[in-house]
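The model shown is predicted, which means the values in this text are computed figures rather than measured ones. Along the sequence shown, residues are numbered consecutively beginning with 1.
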Amino acid sequence: KWNANATLSIQLANSYQYYQVDALGEQFLLVEPLETQTVQKTKIQLDLIANKTEMQVAVLLKYATMYRTMKMLEERIPFIATDKQMYLPFMALHIRKQVEKEKKTLCIDKFTPATQLIYLAMLYMNLEEYGTDELAKKLKVSAMTVLRALDELEQIGLGHYEIGGKTGRKKIFKTIDKKAYYQIGKKYLINPIKKTIFIKEFPTMCKLYKSGYTALGEQTMLGEPAQETYAVSAKMEKTLLDLQVSCEQAMEEALPQVQLMKYDISLLTENQYVDPITMILCLEEMDERVEMAIEELMEENEWYVE
């Protein structure tokens, strides 16, 4: 370890962990960032450190994405990525670990229900980066489910992984601009309804959320349909067994229909309605009046507007 406090400013000294390296007759500083920062900022700070110390400086990366290593190569920033690559131009060294099998390219036609849940949750959150553990906890799914979903989102260009957090060692997922995120991702959205049933009365054991034209009508000037539509996770189907009636009876008596959803919609809303994108996906027919109502509902969401 090398003591930076005697030579560098407090800001620079506290931005990195410093090591002095002697190798192949050369001596240089190896600096490990303590927080995530841009490649451009890293370059500026390395130049300052080099000028102050009159030593060659390289960056130590414990975890490095392909994107970051490529950017650092473009900027000719010396670095040692411990898991894959060493680039020390002042020593005429550029060593790469033998390329392992490339990550299997995912063939993505449509989202899986789990991926759609995670995609929508990230769409509604006002964040630019997401920790896998936090997503798993919030959405009540396994970390593996989150990782699989994020791999799919990365594959279609909706974001990329970086290492960050307070310690600079946490794997986080950064999404692209919200508008582009939605415009690209909407092509992969699936019909969220697994099955539709009809019930004679509302259950006491689970909460139903207004969906379809009922949700759209109550939140806009469209007007409400005679037969109400609700939604709940398909996992609750057994709870509703004793309340089910035939479609014929429901139509005759204007009893509510319930959409059994492929993912847990309760995780995407904080009110009595399903989230707006799920609601739109549940609409069977689109006419001018419906499209105008959707525009009215979504006008505050800048990412939705074409």
Ion pair Lys210/Glu218, N-O distance below 4.0 Å:
yes
Are any of the side-chain heavy atoms of Tyr19 and Lys1 separated by less than 4.5 Å?
yes
Does the side chain of Glu35 reach to within under 4.5 Å of the side chain of Ser15, using non-hydrogen atoms?
no
For Met205, I'd like to know if atom CE has over 12 heavy atoms of other residues, nucleotides or ligands within 6.0 Å.
no
4.5 Å side-chain heavy-atom contact, Arg68 and Glu162
yes
Identify the residue among Thr196, Thr229, Thr214 that makes a side chain to side chain donor-acceptor pair (under 3.5 Å) with Gln257.
Thr229
Applying the side-chain contact (heavy atoms from CB on, under 4.5 Å) test to Glu201, which of Leu243, Leu255, Asp242 qualifies?
Leu243
Is it true that Glu237 and Lys195 make a salt bridge, defined as a side-chain N closer than 4.0 Å to a carboxylate O?
yes
Considering only heavy atoms from C-beta outward, does the side chain of Thr53 approach that of Trp2 to under 4.5 Å?
yes
Would you say Tyr188 and Leu158 are hydrophobically clustered, going by side-chain heavy atoms of ILVMFWY under 4.5 Å?
yes
Would a single hydrophobic cluster contain both Met261 and Val258, if residues Ile, Leu, Val, Met, Phe, Trp and Tyr are joined by side-chain heavy-atom contacts under 4.5 Å?
no
State yes or no: are the ring centers of Tyr304 and Tyr182 separated by less than 6.0 Å?
yes
List the steps and the verdict of side chain to side chain donor-acceptor pair (under 3.5 Å) for Gln45 and Tyr16.
CA-CA 10 Å; Gln45 291 187 335; Tyr16 301 89; 2.6 Å; yes
Using a cut-off of 6.0 Å, state whether more than 12 heavy atoms not belonging to Lys140 lie near its atom NZ.
no
With a cut-off of 6.0 Å (strictly less than), are more than 12 heavy atoms of other residues, nucleotides or ligands near CG of Leu24?
no
Might you work through the side chain to side chain contact (heavy atoms under 4.5 Å, CB included) test for Lys186 and Leu281, ending with a clear yes or no?
CA-CA 10 Å; Lys186 70 178 183 179; Leu281 293 171; over 6 Å; no
Taking atom types as modelled and ignoring hydrogens, do the side chains of Tyr213 and Gln227 form a donor-acceptor contact shorter than 3.5 angstrom?
no
In this structure, would Ile156 and Val146 fall into the same cluster of hydrophobic residues linked by side-chain contacts under 4.5 Å?
yes
Nearest heavy-atom contact between Cys206 and Thr239 is SG-CG2, 4.5 Å
Tell me whether Lys138 at atom NZ has more than 12 heavy atoms from other residues, nucleotides or ligands lying less than 6.0 Å away.
no
With the side chain counted from C-beta on, respond yes when Leu61 and Met72 share a heavy-atom pair under 4.5 Å apart, and no when they do not.
yes
Check whether the side chains of Thr278 and Tyr263 place a donor and an acceptor atom closer than 3.5 Å, and report yes or no.
yes
Does Val232 belong to the same Ile/Leu/Val/Met/Phe/Trp/Tyr cluster as Ile193, with side-chain heavy atoms less than 4.5 Å apart forming each link?
no
With side chains defined as the heavy atoms from C-beta onward, is the minimum distance between Ile176 and Ile184 less than 4.5 Å?
yes
Heavy-atom neighbours of Glu74 CD exceed 12 at 6.0 Å
yes
More than 12 foreign heavy atoms under 6.0 Å from CG of Asn191: is that the case here?
yes
Step by step, work out the side chain to side chain contact (heavy atoms under 4.5 Å, CB included) result for Leu123 and Leu120.
CA-CA 5 Å; Leu123 176 65; Leu120 290 175; 4.3 Å; yes
Within the 4.5 Å heavy-atom criterion, are Arg148 and Leu153 side-chain neighbours or not?
no
Any side-chain heavy-atom pair from Phe79 and Leu60 closer than 4.5 angstrom?
no
Between the side chains of Tyr124 and Asp275, does any donor sit under 3.5 Å from an acceptor?
yes
Centroid-to-centroid, Tyr130 to Phe173, below 6.0 Å?
no
Taking Met298 as the starting point, is it possible to reach Tyr181 by hopping between hydrophobic residues whose side chains are less than 4.5 Å apart?
yes
For Tyr230 and Glu228, test the side chains for any donor-to-acceptor distance below 3.5 angstrom and give the result as yes or no.
yes
Counting only heavy atoms not in Met125, do more than 12 fall under 6.0 Å of its CE?
yes
